[in-house]
K.L.:
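This is the structure I want to talk about, given as structure tokens.
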Amino acid sequence: MKTHQYEALIVGAGGAGLMAALYATKGGAKVAVISKLYPTRSHTGTAQGGIGAALGNLEEDSPLWHAYDTVKGGDYLADQNAVKVLTEEAIDAVIELEHMGLPFDRTDDGKISQRRFGGHTSNFGKAPVRRAAHAADRTGHMILQTLYQQCIKHNVTFFDEFHVVDLIRNGDTVVGVIALELGTGELHIFHSKATLFATGGWGRVWSVTSNAHSLTGDGAAVVYRRNVPLQDLEFYQIHPTGIYKMGILITEGVRGEGGVLINGRGERFMEKYAPNIKDLASRDVVSRSIYLEIRDGNGIKGKDYVYLDVTPATVNRYLAEAGETRRITEEDVEKKLPDILEFCRVYLGVDPVKEPMPIQPTAHYAMGGIPTNVDGEAVSDENWTVIPGLYAAGECACVSCHGANRLGTNSLVDLIVFGRRGGKAIAEYVKKADFVPLPASPEKEVTAEFERIRSSQGKTRPGELRQIMQKTMMADVGVFREEKGMKAALETLRELKHRYNTDIHIDDKGQKFNTDLVEAWELGCLLDLAELTTISALNRTESRGGHSREDYPKRDDENWLVHSLLTKPASEEVYAKGAQNPIVNCDKKVDMSLAEQDERFKPKVRTY
Ligand SMILES: Cc1cc2nc3c(=O)[nH]c(=O)nc-3n(C[C@H](O)[C@H](O)[C@H](O)COP(=O)(O)OP(=O)(O)OC[C@H]3O[C@@H](n4cnc5c(N)ncnc54)[C@H](O)[C@@H]3O)c2cc1C
């Protein structure tokens, strides 16, 4: 077995991983990035709409307003100290990207252009503000390419198509990872002083999702199995606008450019649910509104979708009604949303400059994940005990700067701001820390698990289990939830896990490029995350942000202004009998200084 030694390992080469790798390297650490995908295929590359920063290039803006929106959009669960870091450092981070060479769209006078996005306002909710810096509707693509080029320039070492499948710990300390080399099927041991997970989300838990096939939550599952708790998993964002039946994302930028949602009666229904901010209300609110319309029989032709209309005729009519002087033309739409137009023309045969797009909500973003502080250090409990050697950043981490619901454009900022902080912290840490020895045969368990999957002779293909899991989660642990449905879902998921462990088979028994094997292993991660999401969602008896319970429709600040931390049951045997995972409801020490600064941050009744 090959063993490699690096001071710092970065698992994942999306925006968060590349930014962390760049800063750890610049800080003098010997760094390797391990990625199951070729880096520029990471999901960050699909981000469309923009990156939020209060640059104030087109109209007045401030980081405090951005912070207010983020806290409010997150339904007051976000840690306000983390939000403060996010919104203040966003400005400098975006300018840094520009200096690295990112080709942002420009205003006429040469500044970075900005557009509106859901939930982003000026003056504490008074009016929508142009805060999302963008490069057409390919912002993430540009970020990923820019950062990858910078990493190459700074000689970062990459292990591409290496799949991390286990975390190695010696006592409490994290001392590295085990990775499967896809091309050869061999396992490699990576020994490190510091390891940062930036493995992205797990949208593939649900049947309709905007997420790439690779988003199977490996990082979160791998660390959880090695006794790292996961935070706030009940908060999973369902984005309002995915292409009907396919889930492919239609960016909120469409509504930012003036697009409106229309129901089967031809009504702009968001006027009912969010009279002030209408179609640009936060995502949880818009997704629920679409579901309610569909449930009331107001879907298009009574079916389970509505229209998103960005045709100039419709947009200009509503702009005129609102007393705005701005008008849009077909050319504007072509220029600002080229990828969206192409998706719709290719996949749907619909031309969005002439007709509305059929859309339905789509599973999109994990607010929860590996708990960290603002320096990317992973923590093991509500007392902020740092796990030596373990870091996380990006979507797989929970800082928590998004609370119960993330605002659009705030993930890209999160990657850059907290990826950078994680990278800097690692560079400092490895200067002082020694290599802690590897335990004996750390690969034993994972070798056995891969052998089990490869040689199992069961009746079920992994794909069958995946489909049942995805449908179950969409129906019972999706936009709306209630106890009965979730309990049934939990039972189904446990049954699926049992079948996964005892009754699967795969066709490819080979070593090289065995994607059959890897996909089966990924399903194990998805099943873990589906189960843990359901447990967390059952536990939280209130509605907040992305977690909406029909049996507890109100937000309950008295009892639930807390994060949940889910830890692995002490014994696998107890687990097999279906015992509850221990959940700690913790006030992950919210720093209220920002709140004190401004009374308006205090939790209050929802005012949408
Ligand atoms: C379609 C779409 C559009 C979006 N638009 C926007 C937007 O406009 N603005 C915004 O702010 N946010 C947007 N988001 C959200 C945002 O893009 C993501 O949250 C963010 O890019 C995640 O970045 P990341 O660095 O955490 O992980 P990712 O970019 O998802 O990268 C994950 C990395 O981890 C690696 N990896 C995973 N598992 C393993 C493993 N087991 N071993 C080794 N490597 C592994 C992968 O190879 C990959 O390199 C969008 C998301 C989607 C899906």
Side-chain angles (χ1 to χ4, degrees), residues 9-21 33-53 90 115 117-118 132-135 137-141 143-144 147-148 158-167 177-182 190 196-204 209-212 214-223 237 239 241-243 247-253 256 283 339-340 343 362-367 369-370 392-397 402 406-416 418-419 518 521-522 525:
L9 298 174
I10 309 292
V11 185
L18 293 179
M19 196 69 176
V33 178
I34 309 174
S35 177
K36 72 177 181 182
L37 302 174
Y38 184 75
T40 50
R41 297 189 62 197
S42 303
H43 192 75
T44 297
T46 68
Q48 302 167 354
I51 175 165
R115 60 161 67 114
F117 238 79
H134 56 91
D137 52 2
R138 304 184 187 111
T139 315
H141 173 82
I143 291 177
L144 200 58
L147 290 176
Y148 186 54
F158 282 88
F159 288 86
D160 298 336
E161 300 190 330
F162 275 64
H163 208 117
V164 168
V165 289
D166 206 354
L167 183 74
V177 296
I178 297 172
L180 178 95
E181 183 179 2
L182 193 62
F190 286 86
L196 180 138
F197 275 78
T199 47
W202 43 91
R204 287 282 147 183
T209 178
S210 66
N211 282 197
S214 58
L215 290 173
T216 49
D218 309 358
V222 157
V223 302
Q237 179 170 84
H239 191 292
T241 58
I243 292 182
I248 298 172
L249 192 78
I250 302 289
T251 173
E252 206 164 305
R283 291 175 178 175
D339 274 6
I340 294 301
F343 291 154
T362 183
H364 187 57
Y365 183 84
M367 268 75 72
I370 304 165
E395 190 171 336
C396 73
H402 307 303
R406 172 177 71 80
L407 289 189
T409 80
N410 270 359
S411 171
L412 293 178
V413 198
D414 174 359
L415 309 182
I416 306 304
F418 292 106
V518 169
W521 179 84
E522 286 173 337
C525 297

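Any value given below was found using the heavy atoms of this structure, including those in side chains, with hydrogens, waters and symmetry copies removed. Everything numeric here is computed off the predicted structure, so don't read it as measured data. Atoms within each ligand, like the ligands themselves, are counted from 1 in listed order. In this chain, numbering begins with 1 at the start of the sequence shown.
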K.L.:
When you measure from the side chain of R283 to the backbone N and O of E252, does any donor-acceptor pair fall under 3.5 Å?
P.N.:
no
K.L.:
Verify, without hydrogens or angle tests, whether T44 (side chain) and G14 (backbone) share a donor-acceptor contact under 3.5 angstrom.
P.N.:
no
K.L.:
Of all residues at least two apart in sequence or in a different chain, which pass the salt bridge (Lys or Arg N to Asp or Glu O under 4.0 Å) check with R41?
P.N.:
none
K.L.:
Hey, is the main chain of G12 close enough, under 3.5 Å, to the side chain of T199 for a donor-acceptor pair?
P.N.:
no
K.L.:
Looking at residues at least two apart in the chain, or sitting in another chain, which of them share a side chain to side chain contact (heavy atoms under 4.5 Å, CB included) with H163?
P.N.:
K36, V165, L180, D218, V518, W521, E522
K.L.:
Exactly which residues line ligand 1, taking a heavy atom under 4.0 Å from it as the test?
P.N.:
V11, G12, A13, G14, G15, A16, I34, S35, K36, L37, S42, H43, T44, T46, A47, Q48, G49, G50, F162, H163, V164, A198, T199, G200, S210, N211, L215, D218, L249, H364, Y365, G394, E395, R406, T409, N410, S411, L412, L415
K.L.:
Can you list the residues that meet the salt bridge (Lys or Arg N to Asp or Glu O under 4.0 Å) rule with D137, with sequence neighbours excluded?
P.N.:
none
